[in-house]
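Notes follow once the structure below has been shown.
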Amino acid sequence: MTTPLHSWNLEPAAARALQTELARKVVLRNEVGEVRRIGGVDVGFEDGGKVTRAALVVLSFPSLAVLERQLVRVPTTFPYVPGLLSFREMPAILRAYEQLGEKPDLLLCDGQGIAHPRRFGIACHLGVWLDVPTIGVAKKRLVGWHDEVADVKGATTALLDKGQRIGTVLRSRVGVKPLYVSPGHRVNHEEAVSWVMRCLTRYRLPEPTRQAHKLASLEK
DNA sequence: GCGACAG
DNA sequence: ATCTTGTCGC
């Protein structure tokens, strides 16, 4: 199946309205069943941003061994606008997902889940679109505030915004900037953090996302 | 009007 | 994200 590009070419105002609408479909209850395969998603750009590279890597769980890798390159059709990242990166990601053999039971995305102005970051959009459990693992904060996180691997503190919890700030390893973890779809805060922690080894990023980033940046 | 601002 | 070399530290 091919994704119609036009449905992603919306004006910023229309895209924001669509996010507010689709955010109602996000499920924040834990519906993650048995997990044998975990997928990692990341996107890179080349040729001055004219080409979008989407990388999707599937790892076995709990061994975290790489089972499959998919890399697709498509023309970029949407600019980077804070808060509208999914409209820029999802078309390419969906192409990579289509190429996958065995679909993963859970997807970790480089970017926010509900830790978003309209509670609909790229992890939510991908999760709702594919109807699969997803978790947002961002390297930086988009919205919200939080206390300092202890410099101890596994230390966490809640990410808050407008009186509600929107995510968790997690120190994935000593001496590095913390990660911003938030539910994407079909998972709750606690499980989101738990899955990320179970995928941590000796690096700042959890294996699924780390492997996807390596592939997207062509650093094979 | 002045900052903030995932990738 | 991407553009880019060396450099500090385990």
Side-chain angles (χ1 to χ4, degrees), chain A residues 8 12-13 15-16 18-20 22-23 26 40-57 71-96 107-129 134-146 149 151 153 159-162 165-170 172-185 189 192-193 196 201-206 208-219:
Chain A
W8 296 96
R16 296 190 184 90
L18 179 57
Q19 292 183 318
T20 298
L22 294 177
V26 173
V41 185
D42 191 33
V43 172
F45 297 88
E46 59 183 65
D47 192 22
K50 292 185 177 64
V51 175
T52 300
R53 280 194 309 253
L56 215 169
V57 178
L71 177 64
V72 301
R73 295 152 51 106
V74 303
T76 302
T77 61
F78 200 90
Y80 170 67
V81 179
L84 300 181
L85 187 66
S86 62
F87 292 88
R88 175 177 171 78
E89 306 187 341
M90 261 185 61
I93 294 173
L94 294 177
R95 293 293 181 74
L107 228 39
L108 264 53
C109 311
D110 190 298
Q112 315 290 347
I114 62 172
H116 176 278
R118 290 164 293 285
R119 309 294 181 259
F120 200 68
I122 189 168
C124 299
H125 205 156
L126 190 59
V128 169
W129 185 280
T134 59
I135 296 170
V137 183
K139 299 182 293 299
K140 292 180 180 178
R141 177 195 69 85
L142 175 58
V143 293
W145 61 274
H146 63 85
V149 193
D151 192 21
K153 181 175 182 177
L159 177 62
L160 312 168
D161 185 46
K162 298 178 179 177
R165 181 179 183 184
I166 60 174
T168 305
V169 186
L170 167 68
S172 54
R173 66 159 289 181
V174 177
V176 303
K177 298 284 288 181
L179 298 178
Y180 292 78
V181 181
S182 58
H185 188 49
H189 286 292
V193 175
V196 172
T201 58
R202 62 184 305 196
Y203 306 96
R204 183 196 179 204
L205 300 179
T209 292
R210 194 178 79 80
Q211 289 296 336
H213 187 280
K214 285 175 58 180
L215 181 58
S217 59
L218 305 179
E219 296 171 12

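For A:H116, counting side-chain heavy atoms from C-beta on, the closest listed nucleotide (B:dC5, B:dA6, B:dG7) is B:dA6.
Of the possible polar contacts, one joining the A:Q112 side chain to the A:K140 backbone as a donor-acceptor pair under 3.5 Å is found. The backbone N or O of A:V169 sits nowhere less than 3.5 Å from a side-chain atom of A:R141 that would complete a donor-acceptor pair. Although no hydrogens or angles enter the test, the distance criterion places no donor-acceptor pair under 3.5 Å between the side chain of A:R95 and the main chain of A:M90. In terms of modelled atom types and a separation under 3.5 Å, the side chain of A:Q19 and the main chain of A:G83 share a donor-acceptor contact. Side chain of A:R53 to backbone of A:L71: no donor-acceptor contact under 3.5 angstrom is found. The closest donor-acceptor contact from the side chain of A:H189 to the backbone of A:P183 lies at 3.5 Å or more, if one exists at all. Distance alone, capped at 3.5 Å, places no donor-acceptor pair between the A:S172 side chain and the A:L205 backbone.
Atom CG in A:L205 sits roughly 13 Å away from atom C1' in B:dA6 (whole-Å rounding). The CZ atom of A:R88 sits 19 Å away from the P atom of B:dC5 (whole-angstrom rounding). Taking atom NZ on A:K140 and atom P on B:dA4, their separation rounds to 13 Å, with Å as the unit. Put simply, CZ on A:F120 is 15 Å from C1' on B:dA6, counting in whole angstrom units. Distance, A:W145 CH2 to B:dG3 C1': 20 Å, rounded to whole Å. Between the CZ atom of A:R118 and the C1' atom of B:dA6 there is a distance of 12 Å, rounded to whole Å. Distance, A:L108 CG to B:dA6 C1': 15 Å, rounded to whole Å. Atom P of nucleotide B:dC5 and atom CD of A:Q112 are separated by 11 Å, given to the nearest angstrom.
At a threshold of 4.0 angstrom between heavy atoms, the contacts of A:R202 with the nucleic acid are absent. Here A:L84 lies in heavy-atom contact (under 4.0 Å) with a base. Within the 4.0 angstrom heavy-atom criterion, base atoms lie near A:G83. Within the 4.0 angstrom heavy-atom criterion, only backbone atoms of the sugar-phosphate kind lie near A:G44; the bases stay farther away. Residue-level contact check: A:E46 touches neither bases nor backbone, having no heavy atom under 4.0 Å from any strand.
Distances shorter than 4.0 Å separate some side-chain N or O of A:H213 from OP1 or OP2 on C:dA1. Checking the phosphate oxygens (OP1, OP2) of B:dC5, a side-chain nitrogen or oxygen of A:R141 falls inside 4.0 Å. The side chain of A:K139 contributes an N or O atom lying less than 4.0 Å from OP1 or OP2 of B:dG7.
Aromatic stacking is marked for A:Y80 over B:dG7, as both cut-offs hold: 5.5 Å for the centres and 30° for the planes.
Remark: DNA chain C takes part in no stem of 3 or more antiparallel Watson-Crick or G-U pairs, criterion distances under 3.5 Å.
Between A:F87 and A:H125, the ring planes lie perpendicular to each other; the angle is over 60°, past the 30° to 60° tilted range.
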